[in-house]
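In what follows, chains are A, B, ... by sequence order, proteins preceding strands, each numbered from 1. Given the structure is predicted, the values throughout are model-derived calculations rather than measurements.
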Amino acid sequence: MPLVKSGQIVEDRFVRVADGASAPDGIAVIVGGARFLAEAEVLLQRSAPIGVVWPNDRSVGALAPYLDRVALVALMFPSFRDGRGYSQARLLRERHGFRGELRATGQVLRDQFLFLLRAGFDSFEVAKDADAAAFAVSTRRFDVFYQPSGDGRATVFRQRLDRIGWGAQAR
Amino acid sequence: MYRYDEFDQALVEQRVSEFRDQVRRRLAGELTEDEFKILRLMNGVYLQLHAYMLRAAIPYGTLSSDQMRGLARVAQRYDRGYGHFTTRQNIQFNWIKLEEMPDTLADLASVGLHAMQTSGNCVRNITTDQWAGVAADEFEDPRIWAEILRQHSTLHPEFSFLPRKFKVAISAAAHDRAAVKVHDIGLRMVRDGAGEVGFEVIVGGGLGRTPFIGKTIKPFLHKRDFLSYIEAILRVYNQHGRRDNIYKARIKILVHELGAEKFAAEVENEWRAIKNGALALDPAVIAAVAARFSYPNYERLSDNPSALARARSEDRAFAAWFDSAVSNHRQPGYAIVTLSLKPIGGPPGDATAAQMDAIADLADRFSFGEIRVGHEQNLVLPHVAQRDLVELWQQLQMHELATPNVGLVSDIIACPGLDYCSLANARSIPVAQELTRRFRDPALARSIGRLHINISGCINACGHHHIGHIGILGVEKNGEEFYQITLGGRADEDAKLGTLLGPAVRYGEIADVIEDVVEAYVALRQRPEELFVDTVKRLGVEPFKERVYAAR
Ligand code: SF4
């Protein structure tokens, strides 16, 4: 599955480690959410970056105490239709201030890229090669956005005020 | 009327180009029908029994005459020359080829219309009072709020893949014509003790398989908090709404399972964290949207001009039409005119391209170029000078738009049913057509008085049978079409679900049984002015049941 990061197809520097297996030091690993919580102090002692794959039916609030030491959070899209990960992503970025890599994994198709970007994801395990290759085109299709989200793009509501010179007083 | 600014227009065009690419990928075999299904549903394209159907949004039911001509053009160019207006202020085209879908959408975009979010598990087209801006009992135009929410919910980065579809209705009048209590979120504009206008927030109403009347979770919401509070509701729902069972995925089930109080507390909690953030609405932001709504430049006229009074007393046909189709306008000398899309023997809600063009012309001549789509599958000319009513009526007759049955027994709401819909158990449209024939006599219909019949072809309740004064629901028994009947439902501020009358009846009997129900009502009512729903409320369904089933 190709990985897209910062708009480019890249090599994944993280290795997924199954729940029973040991997490070798020296390489970046991703572990399951339950295991991470159970072994957090030990895992965070390692020198290499640690990532967590977090289930979409559990509040991301449980991760909050560790977020400044976690390099990556992967959120799951078991199907294209399941949108819980979008809320989790926004909460991680906008409420809990997570600055690390936020990865979308599962059934990730080109038609979600822009929604995902706007929700705060910056890396994507894409289901189809052709979709990964189309990343740039798919995410440049729109330049008009109504909703404020953590990505900081100017909203239409704001641009309207700027246009008529109300921006300064309204801010 | 709201006019798109360059941002709105750009977004709609960008969406057309995205959809064009999605269709191209489907036709090239890069997407399976399963994958494409979710994408097409995000843009109002359904696969029906015989063809693809396109549902275009008519936000809060307001159309300009040019937009109506645009719809006529689409009906003519890409469909079979007609369109179907729905109960949710949308229009459906039943026969569009997938290859032509992108061009159809581009044509719609050229007149400021779109099909975004008219299906799929997202915030759907937001509906309001069909008389918004002209109703005498309204204290603010709810469409400004519907438009703000339309924009905010369009391609929302967090809420485009909700557990299930999500419908919002807004009403700003004392009398609720938007059925806010049977929506996922219903917003009723209210005034608090200090005279400030805000919103009562109702959640978890809905029809379908498990009907519920919504619960108030916030009695008064300030305008500045309109978006942040709705965002909080959607965020709680997106995370906690059930996704394991499609029939339990609507917010009404979450509200029911958690209890309204617990749900309200969750929302309140979430809301507190975001209410002072970027979603807090600046009055200038509201004003910028409101400024793009235009209102007619009315003449100073007085009510009931003498020519009108004369026509009403001298011409019985005109008087019958006037009594059913004409309603009070807030502006003296003007009237709200409903155009019946329920001709005797016709399918409810259909309009031909020629009728659409004619309506557009009449709107230009008589209604400041404005048209509304109502929830009863009728159209409305919202600003007609009373002195023009006779002439308008004559014109409407030529186009078969003056059936004097608005609000009466033959003004039937029906879903597409087995004639089009792949989920249907039974036919809806032919039942409606037969009933209009049974009650075709205008004098009879008038003597029966206000009576709403709603027909759904299956439990999904697209015809809103639960809230019909008489509700008819198609069910299947051993491969045969049967119909359940409920009485006493209503959608207004006293919203109530209908009560089952008795055993389901066969297709061949349904019209007879409904006639018997209506006869029973005429016999049972205390006086002619007692409406059908009020008689049912007073007596319950038992006396109806006795009369209707005794003979069978
Ligand atoms: S109520 Fe059933 S039959 Fe009628 S349109 Fe809806 S899904 Fe189809």
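A:Q147 places a side-chain heavy atom less than 4.5 Å from the side chain of B:H152. Side-chain contact between A:F157 and B:L279 is absent, with no heavy-atom pair separated by less than 4.5 Å. Looking at A:R163 and B:F7, their side chains come closer than 4.5 Å, going by heavy atoms from C-beta outward. Taking 4.5 Å as the limit, every side-chain heavy atom of A:F145 sits out of range of all side-chain heavy atoms of B:H156. In this structure the side chain of A:R84 never reaches within 4.5 angstrom of the side chain of B:H240, judged on heavy atoms. The closest side-chain heavy-atom distance from B:F161 to A:F77 is not below 4.5 Å. Side-chain contact between B:E6 and A:Q159 is absent, with no heavy atoms from C-beta onward closer than 4.5 Å.
Taking B:E270, B:E13, B:E30 one by one and counting their heavy-atom pairs under 4.5 Å with chain A, the maximum is reached by B:E270. For the options B:I148, B:L234, B:L281, B:D8, heavy-atom pairs under 4.5 Å to chain A are most numerous at B:D8. Ranked by heavy-atom pairs under 4.5 Å with chain B, the first of A:L114, A:L116, A:L109, A:D143 is A:D143. Among the candidates B:M42, B:Q22, B:R25, the residue making the largest number of heavy-atom pairs closer than 4.5 Å to chain A is B:R25.
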Original post:
Between B:D282 and A:R158, is a salt bridge (charged side-chain N to carboxylate O under 4.0 Å, His left out) present by the stated rule, with each step listed?
Top reply: CA-CA 10 Å; B:D282 198 298; A:R158 185 54 63 202; 5.3 Å; no
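Side-chain contact check for B:E158 and A:S87: at least one donor-acceptor pair (N or O, by modelled atom type) lies under 3.5 Å.
Across all their heavy atoms, A:R160 and B:V289 have their closest contact at NH1-CG2, 3.8 Å. Shown here for B:L11 and A:V144, the closest heavy-atom pair between the two residues is CD1-O, 3.4 Å. Of all heavy-atom pairs between B:I274 and A:R95, the closest is CG2-NH2, 3.4 Å. Residues A:Y146 and B:R150 come closest through the heavy atom pair OH-NH2, 4.1 Å. Of all heavy-atom pairs between B:P157 and A:A119, the closest is O-CB, 4.2 Å.
With a 4.5 Å cut-off on non-hydrogen atoms, B:S17 touches chain A through its backbone and its side chain both. Looking at B:E35, the atoms closer than 4.5 Å to chain A (heavy atoms on both sides) all sit in the side chain, from C-beta outward. B:R292 does not touch chain A: none of its heavy atoms, backbone or side chain, sits under 4.5 Å away. For B:D21, the part lying under 4.5 angstrom from a heavy atom of chain A is the side chain only. At a 4.5 Å heavy-atom cutoff, the contact between B:N238 and chain A is made by backbone and side-chain atoms alike. If you measure heavy-atom distances from B:Q9 to chain A, you find no contacts under 4.5 Å at all.
Atom CZ of A:R141 has more than 12 heavy atoms from other residues, nucleotides or ligands within 6.0 Å. Surrounding NE2 of A:H96 are more than 12 heavy atoms belonging to other residues, nucleotides or ligands, all under 6.0 Å away. Atom NZ of B:K37 has 12 or fewer neighbouring heavy atoms from other residues, nucleotides or ligands inside a 6.0 Å radius. Crowding of A:E11 atom CD: a count of heavy atoms from other residues, nucleotides or ligands under 6.0 Å not exceeding 12.
Contacts of residues 49-64 of chain A with chain B at a heavy-atom distance below 4.5 Å are absent; not one residue qualifies.
One finds the CZ atom of A:R118 at 9.5 Å from the CG atom of B:L155 (value rounded to the nearest 0.5 Å). The distance from atom NZ of A:K128 to atom CG of B:L31, rounded to the nearest 0.5 Å, is 5.0 Å.
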